[in-house]
Amino acid sequence: MGIVSIPGRARGRDDASVFSLPLLPPVIRRLLAAALLCAGVATTRPASAQPAAAPADTRLVLNADLGRDTISRHVYGQFAEHLGRDIYDGVWTKAKGTPWHLRDDVIQALRKLKVPNVRWPGGCFADYYHWRDGVGPAARRPKMVNTIWGNVVEDNSFGTHEYMELVRRLGTEPWIVGNVGTGAPREMAEWWEYVNHPGGSSITDQRAANGHPGPYNVRRWGVGNESWGCGGAMRPEYYADQYKRFAEFLRPFNDSTHAFRIATGPNVDNYTWTDVLMRDAGRMIDGLDMHYYTLVGSWEHKGSATQFGEREWFTAMQRALHIEELVTRHAAVMDKYDPAKRVALIVGEWGMWHDVEPGTNPGFLYQQNTLRDALVASATLDVFNRHADRVRGANIAQMVNVLQAMVLTRGPQMILTPTYHVFEMYTVHHDAVALPLTVQDAGRYEFNGQSVPAVSASASRDRRGVVHVTMSNLDPTRARTGVVELRGVNVTGATGRVLTAPAINSYNTFEQPNVVRPVAFDGARVADGRLTVVLPPRSIVVLELR
Ligand code: AHR
């Protein structure tokens with residue numbers, strides 16, 4: 001089978017303008033436009049409205065004493081699906097003659113990212129997965145055909161216990177996605193009991209017989225995946241009813257097992273989905289799982305991960321930045337029903353989706369990862385940081401060997417991707433207080449009569465009181481000087497690291513694994529209450545202010 005086609009998925013849009021949103025009342029449109037401009041989101045004013053020679057300097061103001069919301073570490077989450085070589089060969093291997101086991105090299109690398117949670121077993125696979133197939137003696141587990149991803153035989157050697165062992169070794173939290181599409185409330189409720197009940201029932205006796213007498217205490221629980229598409233092609237009204245039916249039976253057994261129930265959220269800009277879910281089921285939802293992928297081409301011809309020019313670079317930046325409009329507008333819909341922001345907006349799948357590497361199984365979604373992917377990641381993570389009040393979870397797709405992965409493997413070899421380095425650099429923001437970093441003038445990166453803000457940025461203060469700033473220069477050819485006015489903080493200097501590379505499509509290979517990696521940065525100076533940062537073209541900088 002070829003790559004799964006996902007009906008009804010909206011494509012990335014060229015136009016990120018809020019000025020063209022006829023369905024919103026004018027006053028809301030104006031407020032939204034002001035908010036997006038303040039945050040530095042792309043707007044598509046005609047090229048003629050831009051200053052003839054846009055200033056290269058980017059001017060920002062950091063109000064270091066006005067932080068309010070914590071950036072949840074969960075926006076740095078990972079996603080591992082039974083898809084291609086994410087699980088098998090990725091985290092789970094059987095080297096010649098050995099039984100299946102977890103890969104130490106991959107685990108050691110991922111531990112450096114302080115991964116907050118791993119979403120599993122899918123994705124589309126989740127609505128096809130029956131958890132009982134993956135417990136008990138491996139030799140007796142049924143083999144199934146993974147008809148969603150590549151028609152390969154799945155031997156179920158990686159199941160609940162193996163996943164929980166991966167979670168333990170990574171020092172992370174589990175996020176299990178239950179099966180709504182081909183499952184039943186009873187099946188989901190029994191999985192919940194299997195992993196969470198303290199013991200004494202027949203189901204937990206089975207857990208003990210399978211090697212784990214005590215409960216695993218899994219809190220994050222997805223009720224289906226993409227139920228508008230591969231999870232069952234449902235209407236929002238129908239899914240809202242199904243959601244309540246399934247979620248009702250995820251009952252707490254004690255204080256440590258209150259479920260954090262995550263509903264299938266909107267596909268890209270389906271605001272009706274958000275509205276209906278929040279209206280009909282909002283009181284039972286803890287997280288709403290929106291999905292948005294950055295594609296440079298169409299779903300049929302996405303384009304090469306490594307062979308591209310500036311046109312594809314610019315389009316990637318433009319479409320990645322579109323996520324700010326999406327989270328802003330979905331959050332506005334959620335505010336209608338949940339002004340206290342109890343329900344988290346979780347971007348449970350995001351990242352760049354390219355054509356697969358030539359010669360690889362089209363159903364495995366194996367793609368290389370260049371400096372362009374890294375810039376898309378940093379700009380997206382800055383958006384999440386700036387929307388910390390509502391965006392309290394996100395999972396890049398996916399963790400190993402699939403889509404915009406952290407790590408690629410070949411036999412016993414492993415390389416770190418440019419995106420891995422971004423996630424490592426951004427660990428400074430985990431659970432830190434988001435600081436307002438207002439872009440007064442981002443400068444524009446122009447291409448072919450269109451433009452996006454040249455610089456993306458976010459800032460936070462960690463538990464020790466240390467302020468970190470991340471800044472990315474999306475312009476592939478021109479250095480930018482960012483001047484940050486520092487308010488509410490006494491700073492004498494800044495140190496940091498920079499990630500860049502010789503070309504827009506530079507990437508790491510098994511032969512040359514360190515083409516793209518962070519190095520020490522000496523382009524930041526502090527004087528007279530101002531931080532001046534000279535950002536090389538196509539670069540990402542993380543700074544610690546002292
Ligand atoms: O990440 C690949 C697939 O994309 C997931 O399985 C699905 O949820 C989405 O459509």
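Hydrogens, waters and symmetry mates play no part in the numbers below; they use all other heavy atoms, side chains included. We count ligands from 1, going down the list as the structure has it; atoms in each ligand are counted the same way.
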### Message
Using the side chain to side chain donor-acceptor pair (under 3.5 Å) definition, which of the options Lys302, Glu349, Gln404 pairs with Tyr293?
### Response
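Option passing the side chain to side chain donor-acceptor pair (under 3.5 Å) with Tyr293: Glu349.
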
I need the atoms of ligand 1 closer than 4.0 Å to a non-hydrogen atom of [X], numbered in the order shown.
X: Gln398; result: 1 (O), 2 (C)
X: Phe79; result: 1 (O)
X: Gly123; result: 5 (C), 6 (O), 8 (O)
X: Glu226; result: 7 (C), 8 (O), 9 (C), 10 (O)
X: Glu349; result: 1 (O), 3 (C), 4 (O), 5 (C), 7 (C), 8 (O), 9 (C)

Side-chain donor/acceptor of [X] to backbone N/O of [Y], under 3.5 Å:
X: Lys114; Y: Gly171; value: no
X: Arg141; Y: Gly134; value: yes
X: Asn196; Y: Asn217; value: yes
X: Thr315; Y: Val296; value: no

Q) Regarding His354 and Asp373, is there a side-chain donor-to-acceptor distance under 3.5 Å anywhere? A)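 Checked: His354/Asp373 side chains pair up, N/O donor to acceptor below 3.5 Å.
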
Fill in: Non-neighbouring partners of Asp389 that pass salt bridge (charged side-chain N to carboxylate O under 4.0 Å, His left out), sequence neighbours left out
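Scan of Asp389 (salt bridge (charged side-chain N to carboxylate O under 4.0 Å, His left out), adjacent residues dropped) gives Lys341.
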
#### Entry: Nitrogen or oxygen atoms of Cys124 and ligand 1 under 3.5 Å apart
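N/O-N/O distance under 3.5 Å: yes.
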
TODO: Could you say whether the N/O atoms of His291 and ligand 1 ever approach to under 3.5 Å?
DONE: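 In fact, backbone or side chain, His291 has no N or O that close.
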
For [X], which part has a heavy atom under 4.0 Å from ligand 1: side chain, backbone, both, or neither?
X: Trp353; answer: side chain
X: Phe125; answer: neither
X: Leu403; answer: side chain
X: Asn225; answer: side chain

Between Trp92 and Phe158, does the ring centre distance come in under 6.0 Å?
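For Trp92 and Phe158, the ring centres are under 6.0 Å apart.
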
